[in-house]
Amino acid sequence: MTDHDLVLVVDFGAQYAQLIARRVREARVYSEIVPHTMPVAEMLAREPAAIILSGGPSSVYSPGAPAVDGDLFGAGVPVFGMCYGFQAMAQALGGEVARTGSSEYGRTPVTVSAPGTLLADLPAAHRVWMSHGDSVQTAPAGFDVLASTTKTPVAAFEDTERRLAGVQWHPEVLHTEHGQKVMEHFLLDIAGCRPTWTMVNIVEEQVERIQQQIGPDGLAICALSGGVDSAVAAAVVQRAIGDRLTCVYVDHGLMRKGESEQIERDFVAATGADLVVVDAEKQFLDALAGVSDPETKRKIIGREFIRVFEAAEADILAPKIAAGSHAEGVKMAFLVQGTLYPDVVESGGGAGTSNIKSHHNVGGLPDDLEFELVEPLRTLFKDEVRLVGEQLGLPAELVWRHPFPGPGLGIRIIGEVTRERLDILREADAIAREELSRAGLDRDIWQFPVVLLADVRSVGVQGDGRTYGHPVVLRPVTSEDAMTADWARVPYEVLETVSTRITNEVPEINRVTLDITSKPPGTIEWE
């Protein structure tokens, strides 16, 4: 991303490193995460416009604790430290960090004594999110102390001449009041970063990059899952190369009610893309017959998907490649994937490879077909992907669709997956989604799985008679990135309507329950 100023977020083991990077991008500045083990010379070689030192679980006094190389602060690059990064910065520059025995965790009142540039226009008293045991007692020479708490005499400081600043708290979390303003004061006012990271620029740059990668004759294929990521990735590539992209939608029979029809209708209407739909329901259900173990189900679904996609790929690309005329050694076959930046970070953050078999999202394609990966969303977070989708004109029903697992409803049925059980769950799920939309809560809820406990029977009373039906579990959650999640406080009247409709309209279900477990310890999906 050489066309934009780059901010490097140095990860000291913070649970919020990805969130920091996202907040930087919300200020319209491009950011990437790098490990604290990266040598300073390597960081500086990337020519960053600024560097942010993240929080972390260590004490700066602990043996083997990550330290900050002092060369970083003499390189003329603006640096911002937060939490552990703030303390490591203070220590490296000659300030005093002490174990006071007083810790601060959670929401903490902070007093701004001298706003300076970093805390300009902030209330003199507000609340921030703290998580620390050690404290900065004395600021390094040349720094102005900006704020304090009852237990932390130096809670924020800055040296605007050297463009260095830091805060003891976590400005990136929502619990911190005015946190984004603090981030923007550093990025824009102290570091002088250019706010050029916009969705319009992203789309234009990716289209140009894809055209260069695929060339004038290359052909691409994309496995369209029905989810946001693959739809947006395909739309970007389609804008770049037009009808040389073929999208393949494998209908495995495990989708939600009306979803396959909607994908086929809306995606083609919005993009004009060439879409091939493969009806593979029987193949998948035959393979899943008699299987209840969750991991086995996942593996079967993944295996069958690869087999179907292999066959479709051979039918579509092989004849075109054979019939085409191209220079020897020129790549003709490209595979489009909706890989996101969190995927890259969580798989080690490496540069990746063009060999599809080693990629973490896909495996098992034929050895004799050497694809090169096209990953237009590789630098983006989920919320940015949605904004790109809107920029490309994809319908809101696709762009704001809740995340849906690749194995589909196959892992939302506890027990064997059958056509009858899928139809039962489809009806219940459709009711839950319809009522959530009616209540205007679609964008407040990250995900709303409905789980069918197919191997459980529950006694009930319906129509003055005894029933012995299935229970379902509603699992509404809120999240920013699915790394952590909390159960959504859906209004009781909405839950009541969902429960009443499901038990009235789906005869096989006689009990509706609500899952109120956060992540951790629970996961979002049950299987």
Side-chain angles (χ1 to χ4, degrees), residues 9-24 26-27 52-62 65-66 79-91 93 95-140 143-159 164-187 190 478 480 483-484 486 518 520:
V9 177
V10 182
D11 184 5
F12 286 99
Q15 65 183 112
Y16 297 125
Q18 288 194 31
L19 188 53
I20 297 169
R22 287 182 57 228
R23 295 291 182 243
V24 173
E26 285 175 16
I52 293 178
L53 308 177
S54 85
S58 303
S59 162
V60 291
Y61 291 109
S62 299
V79 181
F80 183 52
M82 53 180 68
C83 193
Y84 180 85
F86 173 69
Q87 295 175 4
M89 181 179 187
Q91 186 182 55
L93 289 166
E96 181 190 356
V97 182
R99 294 175 178 172
T100 63
S102 297
S103 301
E104 289 178 313
Y105 295 101
R107 286 188 178 89
T108 305
V110 67
T111 301
V112 179
S113 53
T117 303
L118 188 67
L119 306 183
D121 304 320
L122 267 64
H126 61 277
R127 294 194 303 171
V128 298
W129 189 261
M130 291 282 199
S131 180
H132 69 105
D134 303 336
S135 295
V136 177
Q137 299 296 298
T138 307
F143 280 77
D144 297 322
V145 177
L146 309 179
S148 62
T149 72
T150 56
K151 296 180 180 179
T152 304
V154 182
F157 58 40
E158 70 180 15
D159 179 343
L164 305 176
V167 293
Q168 179 60 70
W169 60 86
H170 287 276
E172 75 275 20
V173 302
L174 291 175
H175 309 296
T176 288
E177 296 172 357
H178 314 292
Q180 188 64 16
K181 184 176 283 190
V182 172
M183 296 278 284
E184 291 177 4
H185 282 327
F186 169 73
L187 294 166
I190 295 177
T478 57
E480 288 199 323
M483 298 290 288
T484 59
D486 193 14
S518 62

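Sequence positions, counted from 1, serve as the residue numbers for this chain. Reckoned from all heavy atoms, side chains included, excluding hydrogens, waters and symmetry mates.
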Is any side-chain heavy atom of [Y] closer than 4.5 Å to one of [X]?
X: Trp169; Y: Thr108; answer: no
X: Thr111; Y: Thr150; answer: no
X: Gln180; Y: Pro171; answer: no

Test side chain to side chain donor-acceptor pair (under 3.5 Å) applied to [X] - qualifying residues, sequence neighbours left out:
X: Asp11; result: none
X: Glu96; result: Thr138
X: Asp144; result: none
X: Glu26; result: Arg23

Considering non-hydrogen atoms only, spot the tightest contact between Ser148 and Pro153 and give its length.
CB-O, 3.3 Å
Would you name the heavy atoms of Val9 and Ala17 that are closest together and state the gap between them?
CG1-O, 4.1 Å
From CA spacing to verdict: side-chain contact (heavy atoms from CB on, under 4.5 Å), Phe80, Val182:
CA-CA 11 Å; Phe80 183 52; Val182 172; 4.2 Å; yes
Determine, stepwise, if the pair Phe186 / Glu158 fulfils side-chain contact (heavy atoms from CB on, under 4.5 Å).
CA-CA 10 Å; Phe186 169 73; Glu158 70 180 15; over 6 Å; no
My understanding is that only residues two or more places apart in sequence, or in another chain, count here; which of them pass ring-ring contact (aromatic ring centres under 6.0 Å, His included) with His185?
none
Got a sec, which residues hit side-chain contact (heavy atoms from CB on, under 4.5 Å) with Ala139, two or more places apart in sequence or on another chain?
Phe143, Val145, Val154, Phe157
Any residue meeting side-chain contact (heavy atoms from CB on, under 4.5 Å) with Thr478, in chain and number order, not counting sequence neighbours:
Asp486, Ala488
Any pair with a residue in residues 146-155 that passes salt bridge (charged side-chain N to carboxylate O under 4.0 Å, His left out), sequence neighbours left out, goes on the list, sorted by first then second residue, please.
none
First locate atom OG1 of Thr176, then atom NZ of Lys181, and finally report the distance between them rounded to the nearest 0.5 Å.
14.5 Å
To the nearest 0.5 Å, what is the distance between CD1 on Ile190 and CG on Leu164?
9.0 Å
Show me the donor-acceptor pairs, under 3.5 Å and distance only, between side chains in residues 113-131 and residues at least two apart or in other chains.
from: Ser113; atom 1: OG; to: Leu146; atom 2: O; distance (Å): 3.3
from: His126; atom 1: ND1; to: Pro123; atom 2: O; distance (Å): 3.1

When you measure from the side chain of Thr149 to the backbone N and O of Thr152, does any donor-acceptor pair fall under 3.5 Å?
yes
Using residues 81-89 as the side-chain source, report each donor-acceptor pair under 3.5 Å to any protein atom, sequence neighbours left out, with the distance given to one decimal.
from: Tyr84; atom 1: OH; to: Pro66; atom 2: O; distance (Å): 2.3
from: Gln87; atom 1: NE2; to: Asp134; atom 2: O; distance (Å): 2.8
from: Gln87; atom 1: NE2; to: Gln168; atom 2: OE1; distance (Å): 3.1

Report the C-alpha separation of Leu19 and Val173 in whole Å, then their side-chain angles, then the decisive distance to 0.1 Å, and conclude whether the side-chain contact (heavy atoms from CB on, under 4.5 Å) test is met.
CA-CA 8 Å; Leu19 188 53; Val173 302; 4.2 Å; yes
